[in-house]
Peer 1: 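My structure is below; once you've seen it, I'll send some questions.
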Amino acid sequence: MKTGKWIVVAVGVGIVLMIGCGKEKGGSSGKIDEQAMIVDEILIQQAADSAIAWYSSELKAALQAAITEGGPVNAIGVCNEIAPEIAAAHSIEGWYLERVTDKSRNANNQVDSTQAEILARFAVADSAPSFIGEWELIGSDTVYHFYRPIRVGALCLNCHGGKEQLAPDVAAKIAELYPDDMATGYRVGDLRGIVAVDVAWSKGKAHAEALVAGKH
Ligand code: HEC
């Protein structure tokens, strides 16, 4: 059961501390060890960035290879099957990673209400943060949420650009696989969605340390 967000520690580059709400972790298990949480948070942020970098580079490599092999239409199938597999491969040992958006191609990737608020914060022109990190107490479990924005590059336009930019075979394949597709009409630089990383703490600590040490 959600008891709501109880602490917001970092927004953007650098750390903005808003600790001091005086709530107790888990209700009865004593005061929050603020110092330990800051140390944990820095570890999680570094580890999450490492996980996101691996996830993105694996995804882009798969996409690029499929395009080279058989053009964008071939890569649609790759995205369809490989993208969820790559995300699942990074969702281990208390870690969960996903790509979500407000205009989804695959409805499984649609933002929930919390993620929609995060997306809106990244959409603010000029003063959007580069990342958002928040602790949340869910029942007696502590979870850290870490988000990075996903922006559109030129490669993406093959499949997410305006309808007139999509090759006919690409448009047809997308329509066949995703009849409710909303993920077109983007331009370079647009906010496409977010990578959302949830880390159960301290269950996810061993994996965080491995990520920071360069293991995946
Ligand atoms: C070859 C076509 C193709 C290209 C190029 C492509 N995508 Fe996609 N994209 C897809 C497909 C297909 C899906 C649906 C995947 C699924 O079923 O999970 C998707 C899904 C996504 C999602 C998940 C949200 C949703 O709408 O379901 C994001 C985020 C995304 N793409 C971003 C990008 C970005 C950023 C780029 C450029 C780096 C890019 N895509 C390039 C075909 C493509």
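Bear in mind the structure is a predicted one, so any value in this text is a computation, not a measurement. Remember, it's 1-based here, ligands and their atoms both numbered in the order they're listed.
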Peer 1: Does any N or O of ligand 1 fall below 3.5 Å from an N or O anywhere on Tyr178, backbone included?
Peer 2: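 By distance alone, the answer is yes.
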Peer 1: Determine whether Ser130 and Arg148 make a side-chain contact, defined as any pair of heavy atoms from C-beta on separated by less than 4.5 Å.
Peer 2: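 Yes, side chains in contact.
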Peer 1: Which residue and atom name correspond to the protein heavy atom nearest atom 29 (C) of ligand 1, and how close is it?
Peer 2: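 Nearest neighbour among protein heavy atoms for atom 29 (C) of ligand 1, to 0.1 Å: Ile150 CD1, 3.7 Å.
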Peer 1: Using 2.8 Å as the threshold, say whether any N, O or S atom from Cys159 sits that close to atom 8 (Fe) of ligand 1.
Peer 2: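 So Cys159 does not bind atom 8 (Fe) of ligand 1 by this criterion.
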Peer 1: Mind checking whether Glu134 and Ile118 have side chains closer than 4.5 Å, heavy atoms only?
Peer 2: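 Answer yes - side chains close enough.
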Peer 1: Could you say whether the N/O atoms of Ser104 and ligand 1 ever approach to under 3.5 Å?
Peer 2: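 No, there is no polar N/O contact under 3.5 Å.
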Peer 1: Heavy atoms only, cut-off 4.0 Å: how does Val170 contact ligand 1, side chain, backbone, both, or neither?
Peer 2: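 None of Val170 does.
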Peer 1: Does CZ in Arg151 sit with more than 12 non-hydrogen atoms of other residues, nucleotides or ligands closer than 6.0 Å?
Peer 2: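 Yes, the 6.0 Å shell around CZ holds more than 12 heavy atoms from other groups.
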Peer 1: Starting from atom 37 (C) of ligand 1, which protein heavy atom do you reach first, and at what distance in Å?
Peer 2: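 The protein heavy atom lying closest is Cys156 SG, 1.8 Å.
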Peer 1: Do Phe146 and Ile52 have side chains that approach each other closer than 4.5 Å (heavy atoms only, starting at C-beta)?
Peer 2: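 Heavy-atom side-chain distance check passes, below 4.5 Å.
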Peer 1: Check each atom of ligand 1 against the heavy atoms of Thr101 and keep those under 4.0 Å away; list them by number with element.
Peer 2: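 Selected atoms, number and element: 24 (C), 25 (C), 26 (O).
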Peer 1: For atom 9 (N) of ligand 1, what is the closest protein heavy atom, and at what distance to 0.1 Å?
Peer 2: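 Here the nearest protein heavy atom works out to His160 NE2, 3.0 Å.
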Peer 1: Applying the 4.5 Å side-chain criterion to the ILVMFWY set and letting contacts propagate, would Leu59 and Val73 be lumped into a single cluster?
Peer 2: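 Hydrophobic grouping puts Leu59 apart from Val73.
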Peer 1: Is there a nitrogen or oxygen of Arg151 sitting under 3.5 Å from a nitrogen or oxygen of ligand 1?
Peer 2: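 No; the residue has no nitrogen or oxygen that sits under 3.5 Å from a nitrogen or oxygen of the ligand.
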Peer 1: Do side-chain atoms of Ser50 reach the backbone of Leu211 as a donor and acceptor pair under 3.5 angstrom?
Peer 2: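 Looks like yes, one N/O pair under 3.5 Å.
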Peer 1: For the residue pair Pro149 and Ile194, what are the closest heavy atoms and their distance?
Peer 2: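 Closest heavy-atom pair between Pro149 and Ile194: CA-CG2, 4.2 Å.
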Peer 1: With heavy-atom distances below 4.5 Å as the criterion, would you say the side chains of His145 and Thr114 are in contact?
Peer 2: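 No; the side chains remain at least 4.5 Å from each other.
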Peer 1: When you measure from atom 27 (O) of ligand 1 to every protein heavy atom, which one gives the shortest distance, and what is it?
Peer 2: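 Minimum-distance protein heavy atom for atom 27 (O) of ligand 1 reads Asn109 ND2, 2.7 Å.
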Peer 1: When you compare the side chain of Leu177 with that of Arg105, does any pair of heavy atoms fall below 4.5 Å?
Peer 2: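 In short, these two side chains do not touch, never coming nearer than 4.5 Å.
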Peer 1: Going by the order shown, which atoms of ligand 1 are within less than 4.0 Å of some heavy atom of Ala75?
Peer 2: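 Those atoms are 1 (C).
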Peer 1: Looking at atom 13 (C) of ligand 1, what's its closest protein heavy atom, distance included?
Peer 2: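 Looking only at protein heavy atoms, the one closest to atom 13 (C) of ligand 1 is Arg105 CD, 3.6 Å.
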Peer 1: Decide whether the shortest distance between a heavy atom of Cys79 and an atom of ligand 1 is less than 4.0 Å.
Peer 2: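 Heavy atoms of Cys79 do come under 4.0 Å of ligand 1.
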Peer 1: Hey, is Pro72 one of the residues with a heavy atom under 4.0 angstrom from ligand 1?
Peer 2: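 Flag set, Pro72 near ligand 1.
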Peer 1: Counting each atom of ligand 1 from 1 as listed, which ones have a heavy atom of Leu155 under 4.0 Å away?
Peer 2: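 Heavy-atom distances to Leu155 below 4.0 Å select 5 (C).
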Peer 1: Would you indicate whether the side-chain heavy atoms of Tyr186 and Lys103 approach each other to under 4.5 Å?
Peer 2: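 SC-SC contact between Lys103 and Tyr186 confirmed.
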Peer 1: When you measure from atom 21 (C) of ligand 1 to every protein heavy atom, which one gives the shortest distance, and what is it?
Peer 2: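 Closest protein heavy atom to atom 21 (C) of ligand 1: Arg99 NH2, 3.2 Å.
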